[in-house]
Amino acid sequence: MQRYFINQNADENQRFFIEDKGDIHHIANVMRHQEGNHIIVTFNNQSAYTCKIIAINIDSIEVERVEKLNIDTELPQKITICSGLIKADKYEWMLQKATELGANDFIAVGMQRSVVKLTDNKVDKKLERWQKIIKEAAEQSYRLVIPEIQYKSNLKLIYDIINEYDYVLIAYEDAAKDGEVSNFKKLVQNFESGDRVLVIFGPEGGLSTEEVQLFDTNASQIGLGPRILRAETAPLYVLSAVSYQKDLLG
C-alpha cells in the first residue's frame, strides 16, 4: 500500500488533508485512487495510519483515519550526514540510499577539494530537488520522518554548530590508511538512544589537512575498515554499521 506524509498531527476530531501537489498528482493520476480507497499516511507526530480517501479535489485530498499501525522504522540515534559536494548523480544516489538506511538530516558542504561548486543562485533549486529525492526515499522505505537537507558554503560553518551534537565523527581517509579500526566500533557501542551524531565526510578528493585540523579537539577521527571507500559509499557504511549495532544487536 502506498505511503504518504501529511503536515498535520494525528489528533482526535480533526479533518486531514494531503496538500502536496506531487502527492495529489500521484494519488489521483498515477495510482488512480478513488474515494473509498485506502492509503497509508504518516503524520507529523511520527504516527502512521491506514486511511480512507474521503474526497479528491484539485488542491487537496481529504482522508480519515482507519487503523493505527504499530511500527518504528527510525534509528535509535539521530545521525546527521555532513558531506562534501560531489558529482550530482552520485550525491543524489547517496541521499536516496542514506535516507533508506535511516539518516536523520543532511548537510551538503562546499569543501576545499570539492570538484563541484554550488553558486548562490543555484542553492535553492538544488535544495528543492534534493528534498524531493529524500521525501520519495522516505516514503518508499516507510520512514516516519522526512530527513531535511541544508547547504553550507564551507566547513568552518559546521564548526559553529557542533555543540548541538552529542558526538562528532570525522571519517578520515588517513585514519583508515594508518590502520585505525577500533575507534568507530567503540563510539557506536557507546551511543545511547536519542543521541545526536554528526558524521563528516569529504568529497571525492577527501578532506584537506586544514579542514581536519578544525576539529582536532572537538571530534573523533574514525577509519572505516581496510578498504578506501568512495565519497558516496562511506556514509552508507556508517549508517549500516550503526543500524547493525543498534537495530539488530540492540
Side-chain angles (χ1 to χ4, degrees), residues 1-81 91-108 123-151 164 193-197 235 239 242-243 246-247:
M1 194 178 297
Q2 187 66 35
R3 175 171 300 224
Y4 303 92
F5 287 88
I6 193 170
N7 192 28
Q8 293 178 252
N9 288 332
D11 298 326
E12 295 287 343
N13 303 315
Q14 295 290 320
R15 297 177 68 189
F16 303 109
F17 296 91
I18 295 173
E19 297 178 321
D20 182 275
K21 292 181 180 178
D23 289 343
I24 295 170
H25 171 74
H26 192 268
I27 292 170
N29 301 319
V30 178
M31 301 302 295
R32 298 187 180 277
H33 280 304
Q34 305 293 322
E35 294 174 2
N37 288 166
H38 289 72
I39 59 175
I40 296 175
V41 175
T42 302
F43 292 81
N44 272 348
N45 55 357
Q46 297 189 27
S47 58
Y49 284 80
T50 300
C51 292
K52 183 169 73 173
I53 297 173
I54 301 301
I56 299 177
N57 303 303
I58 295 175
D59 57 355
S60 68
I61 292 177
E62 184 176 0
V63 299
E64 70 174 10
R65 300 181 312 170
V66 174
E67 181 182 10
K68 185 173 183 179
L69 304 175
N70 294 316
I71 59 173
D72 183 6
T73 54
E74 297 304 305
L75 279 178
Q77 291 72 40
K78 298 182 183 299
I79 310 290
T80 296
I81 300 298
Y91 189 69
E92 291 175 0
W93 179 83
M94 186 277 288
L95 290 176
Q96 182 189 64
K97 301 310 174 187
T99 298
E100 293 175 17
L101 287 168
N104 189 74
D105 291 293
F106 297 94
I107 307 176
V123 171
D124 288 345
K125 186 175 181 180
K126 276 291 186 183
L127 287 174
E128 182 180 354
R129 176 173 172 79
W130 291 339
Q131 193 66 61
K132 183 175 184 292
I133 291 169
I134 292 167
K135 176 180 177 293
E136 291 174 352
E139 291 171 344
Q140 183 275 325
S141 56
Y142 279 28
R143 293 286 303 274
L144 295 178
V145 298
I146 302 174
E148 295 188 357
I149 185 166
Q150 57 180 307
Y151 170 73
E164 299 176 9
S193 181
D195 279 347
R196 296 181 59 83
V197 183
L239 289 165
V242 173
S243 178
K246 297 302 181 180
D247 279 336

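Predicted, not measured: the structure shown is a model, and the values here were computed from it.
- Across every non-hydrogen atom of A48 and T42, the tightest pair is CB-OG1, 4.0 Å.
- Between K132 and E128 there is no salt bridge, since no side-chain nitrogen of the basic residue lies less than 4.0 Å from a carboxylate oxygen of the acidic one.
- A side-chain hydrogen bond (donor to acceptor under 3.5 Å, both in side chains) with R143 holds for exactly one of E100, E74, Q46; it is E74.
- The salt bridge (Lys or Arg N to Asp or Glu O under 4.0 Å) test with K52 is passed by exactly one of E64, E62, E67, E35: E64.
- The closest side-chain heavy-atom distance from I149 to I107 is not below 4.5 Å.
- Checking side-chain atoms of S243 against main-chain N and O of L239 turns up no donor-acceptor pair under 3.5 Å.
- Counting heavy atoms from C-beta outward, Y49 and V66 have side chains that stay 4.5 Å or more apart.
- In this structure, R3 satisfies the cation-pi test against Y142, with its NZ or CZ atom closer than 6.0 Å to the six-membered ring centre and inside 45 degrees of the ring normal.
- In this structure, R65 pairs ionically with E12, as a charged nitrogen and a carboxylate oxygen lie closer than 4.0 Å.
- Ionic pairing of D195 and K246 is not present here: no N-O contact between side-chain nitrogen and carboxylate oxygen is shorter than 4.0 angstrom.
- Ring-centre distance between Y151 and W130: not below the 6.0 Å cut-off.
- No side-chain heavy atom of V197 sits less than 4.5 Å from a side-chain heavy atom of T80.
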